[in-house]
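Please read all numbers here as calculations on a predicted model, not as lab measurements. All values below come from the heavy atoms of this structure, side chains included, with hydrogens, waters and symmetry mates left out. Numbers restart at 1 for each chain; the letters A, B, ... are given by sequence-line order, proteins then strands.
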Number of protein chains: 2
Amino acid sequence: MDNKCNFCTMKSKAAEKLTAKESEKLSANCVTVKFKKGDSIIKQGTYSTNVAYLRTGLAKIHIQGPYYTQVVRIVSQGNYLGLPTTFGDKVNQYSVTAVEPSEVCFIDITTFRKLLNLNSDFSNQIILELCKSELESYQKCVNRTQRHIRGKIAGVLLEFADEIYRSEKFTLSINQEEMGNLVDASRESVSRVLSEFVRDGIIVMEGRNISIVNRQMLLNICLNG
Amino acid sequence: MDNKCNFCTMKSKAAEKLTAKESEKLSANCVTVKFKKGDSIIKQGTYSTNVAYLRTGLAKIHIQGPYYTQVVRIVSQGNYLGLPTTFGDKVNQYSVTAVEPSEVCFIDITTFRKLLNLNSDFSNQIILELCKSELESYQKCVNRTQRHIRGKIAGVLLEFADEIYRSEKFTLSINQEEMGNLVDASRESVSRVLSEFVRDGIIVMEGRNISIVNRQMLLNICLNG
DNA sequence: GAAATAATGTGACCAATATCACAATTTTTA
DNA sequence: TAAAAATTGTGATATTGGTCACATTATTTC
């Protein structure tokens, strides 16, 4: 029997705790699907029967709000996409869409539950990740409400550089509208602030290619508005 | 040996899954402390060595933001207060303060971890709660950013009536400043909106005693601004 | 129970940022 | 590669809700 999950080079931290035998069980109950940019991975309101793991790529989690769709967060490769929505409710409470070409592993929820019960290292790791992501969401909430637009945009740029692309140069895969949505600002404001950063020599921008030139300044704007 | 946790009338859903023997272990490694209104239960920045469970009372979770302290959410009795902050990091990432007289059980984290590993029903319940609270925090985030003040205040009033006091009449235990902080509005705006609701016959207010008179209207305002 | 302190109510004014309108540019599609 | 569609840039204007100032009312404290 093949054991692709065991030899996967992009295992989640939790999956690393699994034994070869458990990995085998995982492999047998997990399908990997490719998504193009813009494809819907999880759709709010539909039944959820699988845990989704973003093996490669980049995705956004978004919720239908009363007036428009709100991007709640960006998830980068190596993270679970749908734990809360899969465990918390029978129906998906949010949508997930690929922002870059992505590979997603859909794990049968019964299998996933079995693994949680079988291997406490695995379940501890999952608990840890849930905790971290809750903390992160609290922090995001504070940033969203307390910072001014300049600070918030500086913050996302740093997040892209540090957490997602791990480089001072990167190509944005979301447009300014979506970026505004992510930090709670209008498309126009995003445009204005980005131009301002370019004018002040903090970043260089060619289309959607961005390089951070003055990281110190960006950090400063992020922290002090 | 006494087994107070086993006979506790305010067990958490998770603790209900424990066997008598496991409960005994819990009892031996758990202290219950009373807090007065306004007392600090968990302090952001200090080391966390215990899981906190709100046995009775009401508490608020707040985070120190760049400009002021932000109330992230209200936790009612029967819920864990500090899972994310205890598991996610060695240092508490948020503060918790009693909003009403409260009893909190502090559970030794090593014991808690042991129980997680020992009893998978227990750990599944904890995972479920973490998932739900993450979903809730996404929803809160959307409400905070997309709704107007009237809608947000209508929302909190309904939350108090439905989730916390389970009655159309209740006594607010937070002041308008804190309420504003909870929905991201200034003290003055809260005052204005509440007066407006009273004027329009949607609620009756005597000091901090509130009764919801026109629930339909309140719901309507909550949903449509 | 008087004084001090905290909480609330209310008007006037202000600021940040949304919205609108349209031009310019880039990307996609046929 | 021309046309269509999507994205971005930018000025003018509007609006929500914050801030300030101060009056009024409750609540604590001594």
Side-chain angles (χ1 to χ4, degrees), chain A residues 36-39 65-68 70-71 97 99-101 143-157 171-200 203-210 221 224-225, chain B residues 36-39 65-68 70-71 97 99-101 143-157 171-200 203-210 221 224-225:
Chain A
K36 290 196 301 291
K37 176 177 176 165
D39 284 352
Y67 301 112
Y68 51 90
Q70 177 102 30
V71 178
T97 301
V99 156
E100 289 179 9
N143 287 338
R144 231 175 229 267
T145 45
Q146 289 192 26
R147 296 195 191 285
H148 283 186
I149 292 191
R150 276 166 54 87
K152 291 193 276 192
I153 293 187
V156 214
L157 291 179
T171 301
L172 273 184
S173 40
I174 54 176
N175 64 25
Q176 296 184 357
E177 170 108 49
E178 291 173 296
M179 184 149 164
N181 206 242
L182 186 58
V183 299
D184 180 35
S186 70
R187 192 217 100 216
E188 292 92 330
S189 298
V190 172
S191 169
R192 278 185 254 264
V193 170
L194 286 176
S195 311
E196 209 182 300
F197 286 175
V198 170
R199 172 170 57 69
D200 297 348
I203 60 173
V204 166
M205 208 166 69
E206 283 169 312
R208 291 209 192 145
N209 300 309
I210 290 192
I221 292 171
N224 309 307
Chain B
K36 290 196 301 292
K37 178 179 175 165
D39 285 352
Y67 300 111
Y68 52 90
Q70 178 101 30
V71 177
T97 301
V99 156
E100 289 180 10
N143 287 339
R144 230 176 231 267
T145 45
Q146 289 192 25
R147 297 197 189 285
H148 284 187
I149 290 193
R150 277 166 54 88
K152 291 194 273 191
I153 293 187
V156 216
L157 291 180
T171 302
L172 275 183
S173 41
I174 54 175
N175 64 25
Q176 297 184 358
E177 169 106 51
E178 290 174 296
M179 183 150 165
N181 205 240
L182 186 60
V183 298
D184 183 33
S186 71
R187 194 216 97 216
E188 292 92 330
S189 299
V190 172
S191 170
R192 279 185 253 263
V193 170
L194 287 177
S195 312
E196 208 181 303
F197 286 175
V198 169
R199 172 170 59 70
D200 297 348
I203 60 172
V204 166
M205 208 166 68
E206 285 170 313
R208 290 209 192 143
N209 301 308
I210 290 190
I221 292 171
N224 309 308

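- Within the structure, a side-chain polar atom (N or O) of A:Q176 is placed less than 4.0 Å from OP1 or OP2 of D:dG9.
- Here D:dG17 presents its C1' atom at 16 Å from CZ of B:R144, a figure rounded to the nearest Å.
- The shortest distance between side-chain heavy atoms of A:I210 and A:L157 falls below 4.5 Å.
- Rounded to an integer number of Å, the gap from A:I174 CD1 to D:dA6 C1' is 16 Å.
- One atom, CG of A:L194, and another, P of C:dT25, lie 18 Å apart when rounded to the nearest Å.
- The side chain of A:S195 contributes an N or O atom lying less than 4.0 Å from OP1 or OP2 of D:dT10.
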Intermediate values then yes/no, side chain to side chain donor-acceptor pair (under 3.5 Å), B:T145 and A:D184: CA-CA 7 Å; B:T145 45; A:D184 180 35; 4.8 Å; no
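- Between A:N175 atom CG and C:dT27 atom P there is a gap of 13 Å when expressed in whole angstrom units.
- Within the 4.5 Å cutoff, the side chain of B:Q176 has heavy atoms near those of the B:L194 side chain.
- Here D:dG18 presents its P atom at 11 Å from CG of B:N181, a figure rounded to the nearest Å.
- Looking at which nucleotide of DNA chain C each of A:E188 and B:E188 is closest to, the 5′-most match is held by B:E188.
- The separation between B:M205 atom CE and D:dA26 atom P is 11 Å, rounded to whole Å.
- Counting non-hydrogen atoms under 4.0 angstrom, B:S191 reaches a base of the nucleic acid.
- No side-chain heavy atom of A:K37 sits less than 4.5 Å from a side-chain heavy atom of A:E100.
- For the pair B:T97 and B:D39, the minimum side-chain heavy-atom distance is 4.5 Å or more.
- The closest side-chain heavy-atom distance from B:I174 to B:R208 is not below 4.5 Å.
- Two residues are said to be in side-chain contact when any heavy atoms from C-beta on lie closer than 4.5 Å; B:R199 and B:F197 fail this criterion.
- Residues B:D200 and B:E196 meet the side-chain proximity criterion, which asks for heavy atoms closer than 4.5 Å.
- Taking atom CD of A:E196 as the reference point, atom C1' of D:dT8 lies 16 Å away to the nearest angstrom.
- Axis angle across the helix from C:dG1-D:dC30 to C:dA30-D:dT1, with five pairs used at each end and values rounded to 10°: 60°.
- Rounded to an integer number of Å, the gap from B:L172 CG to D:dT27 P is 13 Å.
- Taken to the nearest 0.5 Å, the NE2 atom of A:H148 stands 12.0 Å off from the OG atom of A:S189.
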Give every pair of a protein N or O atom and an N or O atom of nucleotides 16-18 of chain C that lie under 3.5 Å apart, one pair per line with the distance.
| unit_1 | atom_1 | unit_2 | atom_2 | d |
| --- | --- | --- | --- | --- |
| C:dT17 | OP1 | A:I149 | N | 3.3 |
| C:dA18 | OP2 | A:S186 | N | 3.2 |
| C:dA18 | OP2 | A:S186 | OG | 2.9 |
| C:dA18 | OP2 | A:S189 | OG | 2.5 |

